Amino acid sequence: MGKLLKPRGLRGELWMAIFNDVDSALRIGMEVWMTWANGKLSSQIIESLKISEKKSWIKFEGCQKREDADNLIGLNFSIQRSEFTPLIENEIYLVDVIGAEVLDENRKILGSVIDIMSFPAQNVVVVETKEGEVLIPYVDAHILLFDKKEKNLIVKDVEGLWN
């Protein structure tokens, strides 16, 4: 869903980056899950938030001062799948692409998706291959199709990408 960036002021608020720039399902009173460096999860309840195109911030219940916010810097946060905004036909959540088998136009297996990276210009698919990781921009120039049912990501044969 997003990442906690740095404290905003002295009252426990945090600036955040939301990975889904089109729509955010976040709302006051919602439980948000944080992933710590050691892999453990913890949850917080949203007390207040502001979501905007340029800068968004969030405040959690019990996070009352800057020091409380400092402890959360850099953590990724997520929500339960049941809280996601419903999709319309032919839409996907990028998280659904993780774990997909990556195939070329001739249906030859190239690897599997291990992560999605979100950048301001575009999202990037991280593919694990026998030779190592390959980064593929999730744009029409590179992606032909994501088959949700078969969990296959079909990519175009782009010169230099796989060689």
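Fair warning: this is a prediction, and the values are worked out from it, not measured in the lab. Hydrogens, waters and symmetry mates are skipped; everything else that's a heavy atom, side chains included, is used.
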pair [X]-[Y]: side-chain heavy atoms closer than 4.5 Å:
X    : Y    : value
I92  : K148 : yes
D70  : P7   : yes
I116 : V126 : no

Gap between atom [atom2] of [Y] and atom [atom1] of [X] - 0.5 Å precision:
X    : Y    : atom1 : atom2 : answer
R66  : L14  : CZ    : CG    : 9.5 Å
I136 : I143 : CD1   : CD1   : 5.5 Å
F77  : L41  : CZ    : CG    : 14.0 Å
L4   : C63  : CG    : SG    : 9.0 Å
L72  : W36  : CG    : CH2   : 5.0 Å
E31  : S78  : CD    : OG    : 10.0 Å

**Request:** Check whether any side-chain N or O of K156 sits under 3.5 Å from a backbone N or O of D140 as a donor-acceptor pair, and report yes or no.
**Result:**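 Here the side-chain-to-backbone pair exists.
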**Message:** I'd like to know if the side chain of D147 reaches the main chain of K149, judged simply by a donor and an acceptor atom lying under 3.5 Å from each other, with no hydrogens or angles considered.
**Reply:**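 At least one qualifying donor-acceptor pair exists.
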**Request:** Give the intermediate values and the outcome of side-chain contact (heavy atoms from CB on, under 4.5 Å) for residues V113 and L153.
**Result:** CA-CA 8 Å; V113 177; L153 182 67; 4.0 Å; yes
hydrophobic_cluster_shared for [Y] and [X], side chain cutoff 4.5 Å:
X    : Y    : result
I51  : M30  : yes
I45  : M34  : no
L26  : V95  : yes
V97  : Y93  : yes
Y138 : I154 : no

**Prompt:** Is R8 salt-bridged to E13, cutoff N-O under 4.0 Å?
**Reply:**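 E13 and R8: salt-bridged.
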**Prompt:** Charged N to carboxylate O under 4.0 angstrom, R27 versus E83?
**Reply:**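 Answer for the salt bridge query: yes.
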**Item:** Other residues, nucleotides, ligands: >12 heavy atoms within 6.0 Å of K3 NZ
**Value:**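 No, the 6.0 Å shell around NZ holds no more than 12 heavy atoms from other groups.
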**Over 12 foreign heavy atoms within 6.0 Å of NZ, K65** =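 Counting other residues, nucleotides and ligands, NZ of K65 stays at 12 neighbours or fewer.
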**Message:** Applying side chain to side chain donor-acceptor pair (under 3.5 Å) to S112 and E128, what does each step give before you reach the verdict?
**Reply:** CA-CA 5 Å; S112 62; E128 182 67 42; over 6 Å; no
Heavy-atom closest pair, residues [X] and [Y]:
X    : Y    : answer
I28  : S48  : CG1-CA, 4.0 Å
M16  : K50  : CE-O, 4.3 Å
L75  : N71  : CD1-O, 4.3 Å
D157 : E105 : N-OE2, 2.8 Å
A100 : F146 : CB-CE1, 3.8 Å
I79  : A25  : CD1-CB, 3.8 Å

**Prompt:** By the rule that ILVMFWY residues connect when side-chain heavy atoms come within less than 4.5 angstrom, directly or transitively, which residues belong alongside W57?
**Reply:**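 For the cluster that includes W57, the remaining residues are L5, W15.
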**Asked** Just by distance, with hydrogens left out, do S42 and W33 show a side-chain donor and acceptor under 3.5 Å apart?
**Response**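 Looking only at side-chain atoms, W33 and S42 do not form any donor-acceptor pair under 3.5 Å.
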**Message:** I'd like to know whether V155 forms a side-chain contact (heavy atoms from CB on, under 4.5 Å) with L103, so could you lay out the CA-CA distance, the side-chain angles of the two residues, the decisive distance to 0.1 Å, and finally the verdict.
**Reply:** CA-CA 6 Å; V155 297; L103 310 171; over 6 Å; no
**Request:** Could you walk me through whether E47 and E61 pass side-chain contact (heavy atoms from CB on, under 4.5 Å), step by step?
**Result:** CA-CA 5 Å; E47 181 178 301; E61 291 180 3; 4.0 Å; yes
**Asked** Given D96 and R81, is the salt bridge (charged side-chain N to carboxylate O under 4.0 Å, His left out) satisfied, shown in steps?
**Response** CA-CA 11 Å; D96 294 334; R81 181 64 183 240; 2.6 Å; yes
